[in-house]
2 protein chains.
Amino acid sequence: MAASATREKIVTAADRLFYERGFEYTSFADVAAVVGISRGNFYYHFRTKDEILVAVIERRIKDRHAMLEGWVAQGKSPRECLASFISILTVNAAKIRAYGCPVGTLFSELSKLNHPQEAGARALFDLFRHWLRQRFEDMGHGAEADALAMQLLARSQGAASLANAYPDDAFLAREVDQMMAWLDTVADPATIPS
Amino acid sequence: MAASATREKIVTAADRLFYERGFEYTSFADVAAVVGISRGNFYYHFRTKDEILVAVIERRIKDRHAMLEGWVAQGKSPRECLASFISILTVNAAKIRAYGCPVGTLFSELSKLNHPQEAGARALFDLFRHWLRQRFEDMGHGAEADALAMQLLARSQGAASLANAYPDDAFLAREVDQMMAWLDTVADPATIPS
DNA sequence: TTGCAATTAGGACGCGCGTCCTATAATCTG
DNA sequence: CAGATTATAGGACGCGCGTCCTAATTGCAA
C-alpha cells in the first residue's frame with residue numbers, strides 16, 4: 001500500500017483514540033491494532049509519539065478550517081455562521097456527552113503534561129477564536145469582536161464540559177437555545193437587515 | 001510519626017500533584033518524593049493508586065463543602081453566596097490559568113480513562129450543583145433553580161477552560177464581571193429586598 | 001525478468017510504573 | 001525494661017511502554 005494511504009489511516013485512528021481515551025493513555029500498540037498493522041510498520045511512518053500528535057493536530061486544524069470556511073463559502077451570513085458554530089454542540093451531542101470537546105480536552109491534557117504540543121492545541125483554539133472574531137467584525141462589532149468570540153468559545157466549552165459530566169439530553173439543548181438567544185441580542189439589526 | 005499525620009501529608013501532596021500534573025501522569029514515586037518518604041512506607045498507607053485517588057476526592061469534597069457551607073454559616077444572603085461562588089474564579093485566578101479547574105480537569109481525565117472514580121469526580125460537581133440550586137431556590141427560583149445552577153456551573157467551567165488556554169489577565173476578570181451582571185438579572189427583587 | 005527502493009513484520013532493548021515483600025527502626029504498653 | 005505493635009525503608013517482581021533494529025516481503029522501473 002502507498003505510504004501516504006497508510007499514514008492517513010494511522011492519523012485517522014490516532015485522532016479517534018486520542019479523542020476517546022486521551023493522548024497519554026493511548027499507546028502505539030493501541031493505534032497499530034486499530035489500523036491493523038504491526039508496530040514495526042508504524043515506526044516506519046511515525047518515529048515518535050509526538051510525531052503522531054503533531055499529525056493529529058494538523059488534521060484537526062485542517063478539518064475544522066474546512067468546516068468553518070465551508071460555511072462562509074456557502075454564502076452564509078455572519079449570523080448564520082455563528083448559529084452553525086453553536087449547532088456543533090447539537091450535531092455532535094452524542095460524542096460530546098461521551099468524550100467532551102475534542103479541542104478542550106486535548107488542550108487540557110497537554111497543558112497538564114507540559115507537553116511541547118500544547119502550543120499546537122492552542123492553535124486549534126485560535127482557529128475558532130479568529131474565525132468567530134471575524135464573524136463578529138462582519139456583524140459590525142469592531143472593537144469588542146474578540147471579546148465576543150472568547151465569550152462564545154468559553155460558553156461552548158462550559159456546555160461541553162458539563163454535558164460530559166451529566167450526559168443528559170435536555171441540558172445541552174438548553175444551553176444551545178440560550179446561546180442562540182444570546183446571538184439574537186448581539187446581532188446588530190443595522191448590518192443584518194433580515 | 002502518627003499514621004494519620006503521614007496519611008494527611010500524602011493526601012495533601014497527591015491532591016496538589018493530581019491537580020498540577022493530572023492523575024495518570026503522577027506516579028507513586030512523585031508523591032512519595034514530595035512528602036519525603038519511601039515508596040515502601042507509602043504502600044503501608046495506600047495499597048493502590050486508586051485508594052489515593054479516593055482519598056483525594058474525599059478531601060476535595062470535604063474542603064469545598066466546608067467552604068460553601070461556611071459562607072452560609074457566615075450569614076451571607078443567597079445572592080452574596082452566589083457572588084462568592086463566582087469570585088472563586090478571581091481568588092484562584094493564577095492557579096486556574098496554570099492548571100484549569102480542579103473539578104473539571106479531574107473529571108475530564110477520569111472520564112477518558114473510564115476510571116471507576118469518575119463517579120467520585122461527578123460527586124464533586126454534584127456538591128456545587130446542589131449547593132447552587134439551593135441558593136437559587138432560596139432566591140425564589142423554585143422550578144428553574146437546577147437549570148440556573150447548571151448554567152452558572154457551565155459558565156464557570158468554560159471560563160476556567162479558556163483562561164487555561166489563554167492565560168490573559170483580562171479575560172477571566174471580564175467573565176467574572178459578566179457573571180456578576182447576569183446574577184443581577186436573575187436576582188428576584190421581591191425576595192431580595194436590598 | 002531482474003534489481004533496487006519502498007514497505008511491512010516482529011522481536012529486542014531499557015526504563016519506569018504499580019505492586020508486593022521482608023527486614024529494620026520507632027513507638028507504645030504492661 | 002521487655003515485648004508487641006506500628007511505622008518506615010528499600011529492594012524485587014512482572015508488565016507495558018516508547019523506541020529501535022534487522023530481516024522479509026512487496027511493488028515499481030529498467
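Within every chain, numbering begins at 1; the chains are lettered A, B, ... in the order of the sequence lines, protein sequences first and strands thereafter. Side-chain atoms are counted along with the backbone in the values below, which use heavy atoms only and exclude waters and symmetry mates.
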Partners passing ring pair (Phe, Tyr, Trp, His ring centres under 6.0 Å) against B/His45 (at least two apart in sequence or in another chain): none
Phosphate OP1/OP2 of C/dT8: any A/Tyr44 side-chain N/O under 4.0 Å: no
Atom-to-atom span, CD1 of B/Ile10 to C1' of D/dT8 - whole angstrom: 11 Å
B/Phe23: partners by ring pair (Phe, Tyr, Trp, His ring centres under 6.0 Å), with sequence neighbours left out: B/Phe18, B/His115
Under-4.0 Å side-chain N/O to phosphate OP1/OP2 contact, A/Thr6 with C/dT7: no
Donor-acceptor pairs under 3.5 angstrom involving side-chain atoms of residues 91-101 of chain A: please list them, not counting sequence neighbours.
from: A/Arg97; atom 1: NH2; to: A/Asp169; atom 2: OD1; distance (Å): 3.4

side-chain N/O B/Asn41 vs D/dA9 OP1/OP2, d < 4.0 Å: yes
Contact pattern, 5' to 3', of nucleotides 15-21 of chain C - B, S or - by protein heavy atom under 4.0 Å: --SSBB-
A/Arg59: side-chain contact (heavy atoms from CB on, under 4.5 Å) partners, not counting sequence neighbours: A/Glu8, A/Val11, A/Thr12, A/Asp15, A/Asp63
A/Phe46 CZ to C/dT7 P, straight-line distance once rounded to whole Å: 13 Å
With B/Phe28 via ring pair (Phe, Tyr, Trp, His ring centres under 6.0 Å) - residues at least two apart: B/Phe42
Rounded interatomic separation in angstrom, taking NE2 from A/His45 and C1' from C/dT7: 7 Å
SB check A/Arg135 A/Asp138 (cutoff 4.0 Å): yes
